Protein chains: 2
Amino acid sequence: MIDFFNSIIPLNEKEKELIRQYFHLRCYKKRMFVLQEGDVCQHLNFVLSGCLRMYKDDENANPHILLFATEGSWINDLDSYYEEKKSLLNIDVLENTELFQINRENIVKLYLSAPKFDRIFRILTERNLVLLQNRMLENISLSAEDRYYNFLSSHPDLINRIPQVHIASYLGVSAEFISRLRSRRARNPFMGT
Amino acid sequence: MIDFFNSIIPLNEKEKELIRQYFHLRCYKKRMFVLQEGDVCQHLNFVLSGCLRMYKDDENANPHILLFATEGSWINDLDSYYEEKKSLLNIDVLENTELFQINRENIVKLYLSAPKFDRIFRILTERNLVLLQNRMLENISLSAEDRYYNFLSSHPDLINRIPQVHIASYLGVSAEFISRLRSRRARNPFMGT
DNA sequence: ACCTGGATCAATAGTATTTCTTGATCTGGT
DNA sequence: ACCAGATCAAGAAATACTATTGATCCAGGT
């Protein structure tokens, strides 16, 4: 994780030490929840290894996936974390996972002891905002088919790792529809390229 | 659940009302965790329906089951609940389950508003202590084989409900060993009776 | 030194649960 | 009237769990 921060802005030894001090490692097994609807989010989560999803259940208990996270990325409900309010979201574990976590108390200490971290997290959040904005744009402008092919090319790693149902839920599409796209492409290989 | 308390000590209407007020119902689906190692236990859990286990993972991630709970019984990590410390145990759901839960704040109110509940929970805990003591005694005094047959006769309901591996883990025996006992008994039906 | 109760490991078989696919039918928008 | 895509139901395919069995090993009691 130090590498991760370092790649955004180089850190000195003291700052690296702060990270070691304030973050702790926690392991989760498949199907465990990192955050459940109704609980207050207590940690920011950096994924060291594994795979998770953040989603909201609708009134019929169908999950709608907001975000996947794999090694090297973050997965947080910032609203619940900073405002200390009950989360509407769930975060659960798709593969056995190791997270580096930092709690509210420690992140304040971190910001106070090295302002560089304000900047690092600012940059991080800005990047996520841009990604989310792009995804939003895709969602309102592209057909389900195009969104799926875009997803394939931008996340080729995830398709072998995550069941199709989840990808469908992430794209806001039915699982059957994806299945049909695939079989159509199998018959006619130069579709969606 | 009111019946449950009532059967220990009869309740008046006011006390029944307190229960309705302070406990809430929560549903869990199979494989969900009610308590995860590292979290602080926030509720006492009374099982309305379903089946759960409480266990500790050892350093090789092998679970060792401390307790099963089915409808009408309780399953709690009291240490974590009352001391507000991180739990060493996990509680997870073996079948879809409905729990009545009471949080720390409400149980204090309950004790304050009706001292009878102190007595009820005292009795409850004493009974559990006795059961645990008996089990401990069996564990240090009986052979694995006898412990298994004892388990069969004292929990005939559980054998069709809970996978053998879990029963093995509860008895502190290997799953293979139970399998052999069963096949031995199949060949020679009057064993262990 | 030698049984015995039981563990561990590995392979296999049997079941159950998830995941994917397919066909049929329906809906809202152009 | 057509098209993109949803929903429902049924099956097939793929995985993951669970149970059984044989082989081998090991510690404690006599």
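Here is how names work: the chains are called A, B, and so on, in the same order as the sequence lines, proteins then strands, and each is numbered from 1. Fair warning: this is a prediction, and the values are worked out from it, not measured in the lab.
Proximity of A/Gln164 to the phosphate of C/dT21: a side-chain N or O atom is located under 4.0 Å from OP1 or OP2.
Rounded to an integer number of Å, the gap from CG of B/Asp58 to P of C/dT8 is 10 Å. Taking atom CZ of residue B/Arg31 and atom P of nucleotide D/dA16, one finds them 11 Å apart after rounding to whole Å. As a whole-Å value, the separation of A/Asn96 CG from D/dA16 P is 12 Å. To the nearest angstrom, P of D/dA16 lies 16 Å from NZ of B/Lys30. Atom CG in B/Asn160 sits roughly 15 Å away from atom C1' in D/dT18 (whole-Å rounding). In this entry the distance linking CG of A/Leu181 with P of D/dG5 reads 8 Å, nearest Å. Between B/Tyr148 atom OH and C/dG6 atom C1' the separation is 16 Å, expressed in whole Å. When rounded to the nearest whole Å, the span between CZ of A/Arg184 and C1' of D/dC3 equals 11 Å.
Ring geometry for B/Trp74 versus B/Phe46: interplanar angle over 60°, hence perpendicular rather than tilted (30 to 60°). Taking the six-membered ring where tryptophan is involved, the planes of B/Phe117 and B/Phe5 are perpendicular, since the angle between them exceeds 60° and thus also 30°. Ring planes of B/His43 and B/His24: perpendicular class, angle over 60° (limits at 30 and 60°).
Two rings, from A/Phe33 and B/Phe33, have their centers 6.0 Å or more apart.
Considering only heavy atoms from C-beta on, A/Leu99 comes within 4.5 Å of A/Val34 through its side chain. Within the 4.5 Å cutoff, the side chain of B/Val173 has no heavy atoms near those of the B/Phe151 side chain.
Among the nucleotides D/dG5, D/dA19, C/dC20, the one closest to the side chain of B/Arg182 is D/dA19.
When each of A/Lys30, A/Arg53, A/Lys29 is paired with A/Asp92, the salt bridge (charged side-chain N to carboxylate O under 4.0 Å, His left out) condition holds for A/Arg53 and for no other.
A/Gln42 and A/Asn103 form no side-chain donor-acceptor contact under 3.5 Å, judged by distance and modelled atom types alone. A donor-acceptor pair shorter than 3.5 Å can be found between the side chains of B/Ser87 and B/Asp77.
If one axis is set at each end of the helix from C/dA1-D/dT30 to C/dT30-D/dA1 from five pairs, those axes are 30° apart, to 10°.
Of the residues in residues 165-180 of chain B, those placing a heavy atom less than 4.0 Å from an atom of DNA chain C are B/Gly172, B/Val173, B/Ser174, B/Glu176, B/Phe177, B/Arg180, in numerical order.
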